[in-house]
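Worksheet for the structure shown next.
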Amino acid sequence: MSKSSNDKKHFDIPVLKRVFTFVRPYRWRFITSIVLAITLSFFTPVRPFLIQLTVDKATGKNVHPPWFLDLLFSHADLSSAWQFVINVTIFQIVFIFIETAVRFYFSFLTAWLGQAVVRDMRTAVYKKILGLNLKQFDTTPIGTLTTRTINDIESINDIFSDGLIPILADMLSIIIVLITMFVTDWRLTLIALVPFPIMLIATYYFKESVNKSFIQVRNAVAALNAFVQERITGMQIVQAFVAEDREFENFKKINRKYRNANIRSIFAYSIFFPIVEIVLAVSTGLLVWYLAGKAASNPIKNENLAGVLVAFILYLNQIFRPLRVIADKFNVIQMGVIAAGRVFKVMDNPDSIPPSSPDVLSPVDRLNGKVEFDKVWFAYNEENYVLKNISFKVEPGETVAIVGHTGSGKTSIISLLSRLYHIKRGSIKLDDVNIEQYNLDALRSNIAVVLQDVFLFSGSVMDNITLHNSDIKRDDVVEAAKLIGVHDFIMRLPENYDFNVMERGNTLSLGQRQLLSFIRAILSNPAVLILDEATSSIDSESEQLIQKAIDTIITGRTAIVIAHRLSTIRKADKIIVLDKGEIKESGTHDELLALNGYYAKLHNMQFEKSRTVVE
């Protein structure tokens, strides 16, 4: 079943109820908006009724003023036509200001309520996204999550500002106006409503047509967001492989679908609104025809029908005006509910980091850094294991290197140690305690990782190093930069530590980005330092800077080094050789060379490659 067909369900009441759980903190404002909706519905027929009285009085009909006019204008002679018209006009002017003020506050309150709910939902969704396991980001396009967090949640705002509560106000207004019309003249009301079934049929088909196009628009928006985000992120690849024209054609196809969906909804509006005007014109014509015929049949008895005619024309406008948009508002609610369903799917995603239980370990002091993998099996996709029966120990203060071909499982090992993914079988211990028993924040604060693909956020050098951690002082950053030998490079930047690196750190070289991430890692004073291909993307000069810093900072802490360059790991206390997710060999550099096995082959391959490059 397609996505759009899945979306095209009956009105999902449970989802709407769940949306309203976010209204609870603002329930008094919500109740106030309901009261205002009811109040406005009773305001609706007042002015047409007063206009009817004014016209009747002005044309000589005997009019009995309603009680509220007698009360308000007790000093005036309302039996006089002139006094009656003057005082009723004054009342209407004051009433218009009051109604306008109430309507303004009603509109503001419903919009405020919608924005408050949107803010809380967006906060909840973003918090959920922050807690999702990395597997979700491997399988879900970033543009889709962006759409859920921004576009879809914004649609939920319309449930309150343009949907449910305004519909309630419109429906109540229509009911009150119809009751007023029937009380005034039930025969005339029935005649005026003769074309009403046409209006109902047109409304139904309009709602269905617009609803279908709205679903297509939402799907197209998600596709556009995902497509544009991915292509902008990968623009270097697009341009390097001369794929601009092809990607542009793909973009035009998606954009064309978005345009066509919008045109279909515009077409529906273009048909529906003229139909409403035609039905209103027919109803008005029937009123005039009936009253004209009635007056012609008995001119003396029915000489004062002008007031009721004017009032009924106004009543009809008050019925048809909300009917013009009420079907659209129903679609707004349905689209908001559909969007809410998509948002709740993100919030209900079970593949997230579980909250720490109250009895978990939250050590304040730095751990010793003893690491033990015991028969660990891991797979990203069910039974396709990338790690098979992995067992090794790293004593506190030791440096262990993990080597192997691309795809052998090196990065997976350090991802499991940080609990970025969950193992399938076996256990991982840190200081003889299963890592699952640690508070997640406490565990990760004892592990620092320098990745091969360095990600820097748009912002200053200082912000990217500290990640807005107020506990890290500027002096600490400068000291760490000096330790690595990066301070001079940073000071040469415009605004030095306050230099904006822009999105993804594009104003810096790969080596410079790597060095900043290295400062970021060591500032946390971790028990375990992980270098995942940390020197593979930088030049020899920058590598020398890092190598000098490594010799200093690994003293007293456990270090796990993952590298293709075997020259960076010769001094390791132990080297683990991985191949296809299994440990093939382990030992020191000299021991593994003596075995003349996997490690020796890797070493000889790199040695031959280096010698060929030199020659």
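Counting only heavy atoms from C-beta outward, the side chains of V337 and V19 never approach each other to under 4.5 Å. Taking 4.5 Å as the limit, every side-chain heavy atom of I254 sits out of range of all side-chain heavy atoms of N250. Two residues are said to be in side-chain contact when any heavy atoms from C-beta on lie closer than 4.5 Å; L224 and F251 meet this criterion. For the pair I174/P322, a side-chain contact is recorded, criterion being any heavy-atom separation below 4.5 Å from C-beta on. Side-chain atoms of F43 and T39, non-hydrogen and from C-beta on, do get closer than 4.5 Å to each other. Side-chain contact between Q92 and V46 is absent, with no heavy-atom pair separated by less than 4.5 Å. Put simply, the side chain of L109 does not reach to within 4.5 Å of the side chain of L113, judged on heavy atoms. When side chains are defined from C-beta on, I165 does not count as touching L36, because their heavy atoms never get closer than 4.5 Å.
The side-chain hydrogen bond (donor to acceptor under 3.5 Å, both in side chains) check on Y290 picks up nothing, with sequence neighbours excluded. Listed by chain and number, the residues in a side chain to side chain contact (heavy atoms under 4.5 Å, CB included) with A442 are P363, N439 (sequence neighbours excluded). Applying the side chain to side chain contact (heavy atoms under 4.5 Å, CB included) test to L467 and every residue at least two apart in sequence or in another chain returns F457, R520. For D170, the side-chain hydrogen bond (donor to acceptor under 3.5 Å, both in side chains) partners are K329, not counting sequence neighbours. Legend: residues meeting side-chain hydrogen bond (donor to acceptor under 3.5 Å, both in side chains) with K252, ordered by chain and number and at least two apart, are E249. Residues satisfying the side-chain hydrogen bond (donor to acceptor under 3.5 Å, both in side chains) test with S460, not counting sequence neighbours, are D463.
Taking every heavy atom of both residues into account, S173 and L40 meet most closely at OG-O, 4.3 Å. Scanning both residues, L440 and S418, for their nearest heavy atoms gives CD1-O, 4.3 Å. Minimum interatomic distance between P195 and L286 (heavy atoms only, all atoms of both residues): CD-CD1, 4.0 Å. Shortest non-hydrogen contact noted between A169 and F106 is CB-CZ, 4.0 Å. Here the closest heavy-atom approach between residue M199 and residue V279 is recorded as CB-CG1, 4.2 Å.
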Cut-off 3.5 Å, no hydrogens considered: what does the side-chain donor-acceptor table look like for residues 308-321, sequence neighbours left out?
residue	atom	partner	partner atom	Å
N317	ND2	I313	O	2.8
Q318	NE2	T44	O	2.7

Distance-only donor-acceptor pairs under 3.5 Å for side chains of residues 27-34, two or more places apart:
residue	atom	partner	partner atom	Å
R27	NH1	R24	O	2.9
T32	OG1	W28	O	2.7
S33	OG	F30	O	2.5

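Within the structure, salt bridge (charged side-chain N to carboxylate O under 4.0 Å, His left out) contacts touching residues 100-118 (residues at least two apart or in different chains) are E99-R103. Counting only residues at least two apart or in different chains, side chain to side chain donor-acceptor pair (under 3.5 Å) contacts with residues 270-289 comprise E277-R324. Applying the ring pair (Phe, Tyr, Trp, His ring centres under 6.0 Å) test to residues at least two apart or on different chains, none of the pairs has a partner in residues 168-202. Pairs of residues two or more places apart, or lying in two chains, never qualify as salt bridge (charged side-chain N to carboxylate O under 4.0 Å, His left out) while including a residue from residues 84-96.
For the pair R419 and Y421, the cation-pi test (distance below 6.0 Å, angle within 45°) is failed.
Within 6.0 Å of OH on Y126 lie no more than 12 heavy atoms contributed by other residues, nucleotides or ligands. More than 12 non-hydrogen atoms from other residues, nucleotides or ligands lie less than 6.0 angstrom from CZ of F20.
The main-chain N or O of E247 is never found under 3.5 Å from a side-chain atom of R231 such that the two would form a donor-acceptor pair. Counting only distance, with no hydrogens or angles, the side chain of T21 and the backbone of R18 share a donor-acceptor pair below 3.5 Å. No donor-acceptor pair under 3.5 Å is formed between the side chain of D185 and the backbone N or O of M181.
With values rounded to the nearest 0.5 angstrom, Q52 atom CD is found 9.5 Å from T54 atom OG1. Annotation: the span from I275 atom CD1 to L280 atom CG amounts to 13.5 Å, rounded to 0.5 Å. Here the straight-line distance linking atom CH2 of W112 with atom OH of Y26 works out to 5.5 Å at 0.5 Å rounding. The CD1 atom of I278 sits 9.5 Å away from the CD1 atom of I198 when rounded to the nearest 0.5 Å. In this structure, CD1 on I179 lies 11.5 Å from OG1 on T189, to the nearest 0.5 angstrom. In this structure, the separation between OG on S41 and CG on L172 is 4.5 Å, given to the nearest 0.5 Å.
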Open item on the list: As a quick check of understanding, evaluate side chain to side chain contact (heavy atoms under 4.5 Å, CB included) for L16 and I159, giving each step before the final call.
Closed with: CA-CA 9 Å; L16 187 60; I159 294 178; 4.2 Å; yes
Task: Derivation and outcome, side chain to side chain contact (heavy atoms under 4.5 Å, CB included), residues T110 and L164 - done: CA-CA 10 Å; T110 53; L164 192 64; over 6 Å; no
